[in-house]
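What follows is a short report on a single structure.
Throughout, protein chains are lettered first and strands after them, A, B, ... in sequence-line order, and every chain is numbered starting at 1. Here the structure is a predicted model, which means the values were calculated and not measured.
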There are 4 protein chains.
Amino acid sequence: MASKNGSIREIKKLEKKQRIHEAAIRVMARNGYHGTTVSQIAKAARVADGTLYLYFENKDDLLVGIFDEIMDRFISEGLSVIDEMADPIEKLKRIVELHLKALGSDEDLACIFQIELRHNIHHMKRFSQSKLRQYFNIVERVIRDAQEQGHIRSEVNPWITAKLLFGAVDEMATNWVLRTRDYNLIDMAKPTLDIFLNGLCTNHEEPQSEASIEEGRQTLP
Amino acid sequence: MASKNGSIREIKKLEKKQRIHEAAIRVMARNGYHGTTVSQIAKAARVADGTLYLYFENKDDLLVGIFDEIMDRFISEGLSVIDEMADPIEKLKRIVELHLKALGSDEDLACIFQIELRHNIHHMKRFSQSKLRQYFNIVERVIRDAQEQGHIRSEVNPWITAKLLFGAVDEMATNWVLRTRDYNLIDMAKPTLDIFLNGLCTNHEEPQSEASIEEGRQTLP
Amino acid sequence: MASKNGSIREIKKLEKKQRIHEAAIRVMARNGYHGTTVSQIAKAARVADGTLYLYFENKDDLLVGIFDEIMDRFISEGLSVIDEMADPIEKLKRIVELHLKALGSDEDLACIFQIELRHNIHHMKRFSQSKLRQYFNIVERVIRDAQEQGHIRSEVNPWITAKLLFGAVDEMATNWVLRTRDYNLIDMAKPTLDIFLNGLCTNHEEPQSEASIEEGRQTLP
Amino acid sequence: MASKNGSIREIKKLEKKQRIHEAAIRVMARNGYHGTTVSQIAKAARVADGTLYLYFENKDDLLVGIFDEIMDRFISEGLSVIDEMADPIEKLKRIVELHLKALGSDEDLACIFQIELRHNIHHMKRFSQSKLRQYFNIVERVIRDAQEQGHIRSEVNPWITAKLLFGAVDEMATNWVLRTRDYNLIDMAKPTLDIFLNGLCTNHEEPQSEASIEEGRQTLP
DNA sequence: CATGAATGAGCATTCATTCAT
DNA sequence: TATGAATGAATGCTCATTCAT
């Protein structure tokens with residue numbers, strides 16, 4: 001019985017933690033991290049103020065907890081999808097789509113991710129050095145594969161490219177959160193991928209050597 | 001004499017405002033917006049606390065004021081440089097370089113721009129709807145010109161491209177601010193431009209139609 | 001047990017609110033509203049600064065709260081005493097006595113009432129339009145009764161008389177608070193009532209018509 | 001020339017002091033003493049902030065200065081009017097009328113007098129011990145005269161009566177400042193005087209001895 | 001005399017966190 | 001576990017006053 005109770009308790013504990021998470025996302029998305037009090041979150045989660053501290057070290061930890069949980073879920077889901085694919089270009093496409101779909105389907109979450117999680121250099125560093133690095137690693141791996149298979153130019157730096165791609169997609173997401181007119185975030189996947197894969201320029205018969213870019217001038221026939 | 005005094009006062013006033021700006025950038029870059037007290041800024045600027053309020057509405061306005069001033073300077077400098085150039089591709093290159101150089105040459109400023117100015121959805125919206133829009137407009141204009149001159153593919157959406165480019169460059173800047181090992185931000189200009197101009201893919205003799213991307217698969221001969 | 005705890009908590013809460021009230025009266029009577037800090041009141045009430053805000057909206061509400069509580073108690077006590085009496089003249093006398101006794105027996109309270117509560121036109125208006133109106137209503141009622149019973153001249157306006165009586169008694173109280181030599185406030189009841197009931201003039205066989213007062217001259221035989 | 005300039009300067013100085021006084025009355029009547037900043041007064045008087053301090057010790061002194069000036073004018077005007085009269089009852093009447101007319105004809109001034117000047121126990125004490133004492137002295141003198149001439153009952157205490165009369169008139173003024181419906185303050189003179197002179201009671205053939213009041217019961221035939 | 005920029009002490013209020021129940 | 005009353009440190013901002021010009 002004890003173990004049965006124990007497992008029920010475990011479940012209830014997880015449920016409550018989840019409830020607090022969701023309450024925090026909901027409230028913080030509207031009021032921002034600094035505009036949200038612990039009491040507001042507690043009320044939204046229907047627990048007492050003090051109860052929050054049984055599940056989180058402090059207010060900041062709550063934000064970090066949300067972030068890590070979501071990010072872990074996002075990355076593992078992403079990985080499981082990616083792993084089933086063969087073509088690295090296709091994988092790249094899926095990553096962008098998953099990224100945009102995950103945020104585009106939950107505005108509150110997107111708001112937390114794009115805005116609230118970044119108001120603090122320590123969060124940013126933590127983010128940058130853990131989960132974001134995982135993201136970059138995945139993309140880097142895919143790009144390397146694509147390079148080995150000859151689909152992506154061998155000159156491009158996979159790590160820098162991962163950052164550039166993330167940055168571009170991230171900006172799409174932020175812009176969507178701050179949008180004045182409504183549209184679907186996922187629709188940004190296609191043009192994003194088009195530019196990253198095919199580039200802006202019209203003529204690639206004589207692909208630009210880095211040197212020629214270096215010269216500050218492109219030879220155009 | 002009165003006018004002379006007047007102009008001297010004007011200069012002193014600007015000097016003091018400037019001093020406060022610089023002090024704020026310096027202090028906030030280290031401690032973050034919320035980690036910085038008004039008193040700290042005042043002390044760093046060698047003025048009394050109350051003096052800040054002769055030049056700024058409130059603490060938040062101080063941050064916004066810094067942002068607007070820097071951004072205006074950046075944009076007008078950028079425009080004057082751009083205007084002297086003929087080739088739109090070259091212009092695009094210069095924009096990216098100027099962006100990275102401006103931030104890469106002043107780490108504190110970069111920190112403020114990449115992190116502190118974004119801790120608040122209201123700042124973000126304000127930013128997004130004023131200065132950032134100007135930035136996008138400039139890039140959009142350049143891309144359109146390039147399209148008219150046949151240098152950039154007519155299929156790409158100039159506005160979305162402006163966002164993507166900004167996002168990629170912005171991520172470069174943020175990564176540099178959060179870097180663990182030292183490097184020059186400006187060095188990111190070349191690979192960024194290479195990917196945006198030439199794309200990732202190896203073969204562009206038969207450029208991807210959007211439809212084929214849509215299919216989730218690139219036809220590679 | 002829960003209800004028992006509940007009631008104990010209720011009592012403790014009331015006790016604490018009372019303690020804060022009394023501390024505020026004590027401290028403000030000595031230093032005035034603007035000369036008193038919230039911290040001083042909290043310290044005097046042996047609670048933390050923040051605790052005050054669990055019981056009061058803000059510093060101003062604290063003053064208003066004191067006022068309303070005291071005034072309600074005063075009015076209801078007064079009414080219960082009045083109701084037991086039959087003779088309206090006697091009631092009038094009791095009202096004056098109760099008024100002077102209430103203030104004369106608690107100098108700090110009198111100070112708050114006569115001085116601190118009046119430093120603000122909004123307080124004055126609020127006072128004037130709620131509790132003071134109740135006071136006036138009671139006196140007016142008594143005067144009307146006395147008029148119906150033929151004890152008070154039918155020419156006098158009960159509402160104006162209520163104000164005049166309050167003003168006279170109020171001035172007695174204020175003078176007592178500001179006194180340089182000590183005396184009992186309650187001793188002012190008798191002369192006050194004497195003048196209001198009997199008037200100043202010696203001869204009333206031919207009571208002054210309002211018209212003759214109008215003429216600016218009293219006909220004295 | 002020096003003396004000529006001197007006198008012109010004297011006049012200008014008085015003019016400026018007057019301008020500041022009037023500005024202060026105007027602004028404080030609307031915003032209250034604590035709701036008014038020195039800068040606001042300076043702006044309303046069209047002088048620099050610092051200039052105020054050439055004419056007044058400090059903000060508080062400004063209020064006191066207004067009060068003393070007005071009060072002196074009021075008392076000396078009152079005295080000159082009173083002195084020309086013979087009948088003490090008539091004098092009493094005139095005092096009440098002058099009091100109500102002075103305030104009733106200048107709402108801002110009335111507001112300052114009835115509300116703002118009283119938000120501080122030190123002002124009150126100062127007021128009570130100087131100008132108000134003069135007022136009481138005048139009334140007391142008049143009452144004594146009336147008593148000597150047999151117009152006012154010898155039993156009444158002139159000093160207490162002066163306070164009561166002031167209190168009643170003062171309450172009329174305060175009520176008028178706080179009024180919700182408009183009326184003329186001067187109209188309160190007649191009923192006020194009627195009650196003070198003739199009392200409330202109908203029957204005065206056997207004027208109440210203090211003792212009978214003491215008994216707590218009035219003998220009514 | 002006049003100015004008004006500069007000063008900096010002072011204070012109400014908030015809110016993350018604790019802990020007795 | 002859960003509660004929520006109590007805590008008290010922390011801070012943005014105001015504004016009366018000064019003084020160099």
Let me know the distance between CD1 of Ile41(A) and C1' of dG4(F), rounded to the nearest Å.
16 Å

May I ask you to say what Thr37(A) touches in the nucleic acid, namely base, sugar-phosphate or nothing, with a heavy-atom cut-off under 4.0 Å?
sugar-phosphate

Output the rounded distance in Å from NZ (Lys43(C)) to P (dC11(E)).
12 Å

Kindly say whether the aromatic ring centers of His34(B) and Tyr33(A) come within a distance under 6.0 Å.
no

When rounded to whole Å, the CD to P distance for the pair Gln40(C) and dA12(E) reads 9 Å

Nucleotide nearest Asn58(B) (side chain, heavy atoms from C-beta), chosen from dG8(F), dT17(F), dC13(F):
dC13(F)

Of the listed nucleotides dC13(F), dA16(F), dT7(F), the one nearest the side chain of Lys59(D)
dA16(F)

Separation of dG4(E) C1' from Arg46(D) CZ (nearest whole Å):
18 Å

In whole Å, I'd like the distance from the CZ atom of Arg19(B) to the P atom of dA5(E).
16 Å

Using atom P of each nucleotide, how far apart are dT21(F) and dC1(E) to the nearest Å?
23 Å

What is the base-pairing partner of dT21(F), counting Watson-Crick and G-U wobble geometry with both distances under 3.5 Å?
dA2(E)

Do Arg73(C) and Glu69(C) meet the salt-bridge criterion of a basic N to acidic O distance under 4.0 Å?
yes

Decide, yes or no, whether a salt bridge links Arg126(B) with Asp68(B) under the criterion of side-chain N to carboxylate O below 4.0 Å.
yes

With a 4.0 Å cut-off on heavy atoms, is Val38(C) in touch with a base, just the backbone sugar-phosphate, or nothing at all?
base

Name the residue closer to the 5' end of DNA chain E, choosing between Gly50(B) and His34(C) according to the nucleotide with the nearest heavy atom.
Gly50(B)

Between the side chains of Asp60(A) and His122(A), is a donor N or O closer than 3.5 angstrom to an acceptor N or O?
no

Looking at dA5(E), I'd like to know if its phosphate oxygens (OP1 or OP2) sit under 4.0 Å from a side-chain N or O belonging to Lys16(B).
no

Specify the residue among Asp60(B) and Tyr33(D) whose closest nucleotide of DNA chain F lies further upstream toward the 5′ end.
Asp60(B)

Is Tyr55(B) touching bases, backbone alone, or none of the nucleic acid, heavy atoms closer than 4.0 Å?
sugar-phosphate

Looking at Asp108(A) and Arg30(A), does any basic side-chain N land under 4.0 Å from a carboxylate oxygen?
yes

Rounding to a whole Å, what distance do you find between Asp61(C):CG and dA12(E):P?
14 Å

Separation of dA5(F) atom C1' from Ile20(C) atom CD1, nearest Å, is 12 Å

Comparing Asp49(B) with Asp49(A), nearest DNA chain F nucleotide closer to 5' gives the residue Asp49(A)

Tell me: OH of Tyr53(A) to C1' of dT17(E), nearest whole Å?
5 Å

